[in-house]
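The structure appears right after this line, and notes come after that.
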Amino acid sequence: MRTKLFPVLLLIATSTIFNSCKKESEPEPATAAAPSGGGSSSGAPSITSSFYFQAKIDGAWVTYQDGIGGFTSGTAGSNYGSTVNQEEQSALMVTYPTYSGAYFFILKTFPGTASGSDYESMFSVRTYTYGINADTPGYPSGVDGAGIGFIDAAGVEWRTDFGTHDQAGSTFSITEHIANTDGYSHRISKAAFSCKLYDGNGNVKTLTNGIFRGRSLLY
């Protein structure tokens, strides 16, 4: 697995997909008006930033917002597989340098080195099935699709393609995908999802009512 670190923040250091290096000039926090769908009507905490992650994880609301509590919206990418070229593009909402937060990712296999247009083809407004990265035992070619990652307060990483990676009944869709003009990514993407998260040690968390809007797609 080869990790590509993009000059948004060069953000996370986790056991599977990221190394870290801080960019000298970090993105300014996004402060647009709160989106519809959050707040007291659903029992969820209010969202005031234009970039955010929010979900119920094991029945408790978790909310991360760009520019609040040390969280920042960024991007990262990885390459999986020894015999295939499976690319992962991730949209992140994380703290730096005390790594916690969440991200969503898209996996897609290409016959050779991916180009800018290849990366662009990974994202569109539609539903996705859940993917499995090609470094997963028993899946040498991986399974293309989407995924969710969550890094808890103890620094433990949970992903949809860890553990048994069973996602029966789970859903994922990209509901917005637009150009970004702040210079820190090519796109801004919004996703809605529900899923199971695994830590690789036999433990599982249930995630519902998930939404994520952030910077995406930098190459």
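Asp199 places a side-chain N or O within donor-acceptor distance of the main-chain N or O of Asn201, the cut-off being under 3.5 Å. In terms of modelled atom types and a separation under 3.5 Å, the side chain of Asn209 and the main chain of Lys56 share no donor-acceptor contact. The backbone N or O of Thr109 sits less than 3.5 Å from a side-chain atom of Asp144, completing a donor-acceptor pair.
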What's the verdict on side chain to side chain contact (heavy atoms under 4.5 Å, CB included) for Thr72 and Thr95, showing C-alpha distance, side-chain angles and the deciding distance?
CA-CA 6 Å; Thr72 304; Thr95 58; over 6 Å; no
Could you go through Asp182 and Arg215, starting from their C-alpha distance and side-chain angles, then the distance that decides it, and tell me whether this counts as salt bridge (Lys or Arg N to Asp or Glu O under 4.0 Å)?
CA-CA 10 Å; Asp182 69 7; Arg215 297 178 176 96; 2.8 Å; yes
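Shown here for Ile106 and Ala146, the closest heavy-atom pair between the two residues is CD1-CB, 3.9 Å. Across Val84 and Pro140, no two heavy atoms sit closer than the pair CG2-O, 3.7 Å. Closest heavy-atom contact between Ile47 and Thr63: CG1-CG2, 4.5 Å. The two residues Thr175 and Ala192 have their closest heavy-atom pair at CG2-CB, 4.4 Å. For the residue pair Ser189 and Phe104, the shortest heavy atom distance occurs at CB-CZ, 3.9 Å. When all heavy atoms of Ser90 and Phe105 are compared, the closest pair comes out as OG-CB, 3.5 Å.
The closest side-chain heavy-atom distance from Ser73 to Tyr52 is not below 4.5 Å. Using a 4.5 Å heavy-atom cutoff, the side chains of Ile188 and Phe51 are in contact. Side chains of Leu217 and Asn180 form no contact here, defined as non-hydrogen atoms less than 4.5 Å apart. Phe212 is not listed as a side-chain neighbour of Tyr64, based on a closest heavy-atom distance of 4.5 Å or more. Counting only heavy atoms from C-beta outward, the side chains of Val156 and Ile151 never approach each other to under 4.5 Å. Between Glu157 and Phe150 there is no side-chain heavy-atom pair separated by less than 4.5 Å. Here the side chains of Phe53 and Gln65 are not in contact, with every heavy-atom distance at 4.5 Å or above. Side-chain contact check for Thr164 versus Tyr198: some heavy-atom pair is nearer than 4.5 Å.
By the 6.0 Å and 45° rule, Arg159 does not stack over the aromatic ring of Tyr103.
Residues satisfying the side-chain contact (heavy atoms from CB on, under 4.5 Å) test with Ser194, not counting sequence neighbours, are Thr171.
Considering Arg213, Arg187, Lys190 in turn, Arg213 is the only one that fulfils the salt bridge (charged side-chain N to carboxylate O under 4.0 Å, His left out) rule with Glu176. Under the side-chain contact (heavy atoms from CB on, under 4.5 Å) test applied with Tyr130, the options Asp161, Ile148, Asp166 reduce to a single match, Ile148.
One distance of note links NZ of Lys205 with OG1 of Thr160; it measures 15.0 Å at 0.5 Å rounding. Within the model, atoms OG1 of Thr136 and CD of Gln86 stand 8.0 Å from one another, a figure rounded to the nearest 0.5 Å. The OG atom of Ser185 lies 6.5 Å from the CG atom of Leu218; values are rounded to the nearest 0.5 Å. Here Met93 contributes atom CE and Gln54 contributes atom CD; the two are 11.5 Å apart, rounded to the nearest 0.5 Å. How far CG of Asp152 is from OG of Ser100: 8.5 Å, rounded to the nearest 0.5 Å. A distance of 5.0 Å separates CZ of Phe123 from OG of Ser216, quoted to the nearest 0.5 Å.
Between Phe172 and Phe193, the ring-plane angle classifies as parallel under the 30° and 60° cut-offs. Ring geometry for Tyr119 against Phe110 counts as perpendicular: the plane angle is over 60°, on a 0 to 90° scale with 30° as the lower cut.
Taking hydrophobic clusters as Ile, Leu, Val, Met, Phe, Trp and Tyr residues chained together by side-chain heavy-atom distances below 4.5 Å, Tyr128 shares a cluster with Ile178.
Side-chain contacts under 4.5 Å among hydrophobic residues (ILVMFWY), followed directly or transitively, place Val143 together with Ile132, Tyr139.
Inspection of the Ser117 and Ser115 side chains reveals an N or O donor paired with an N or O acceptor under 3.5 Å. A donor and an acceptor atom, one from each side chain of Thr206 and Lys196, are located under 3.5 Å apart. Between the side chains of Tyr80 and Glu87, no donor-acceptor pair is found at a separation under 3.5 Å.
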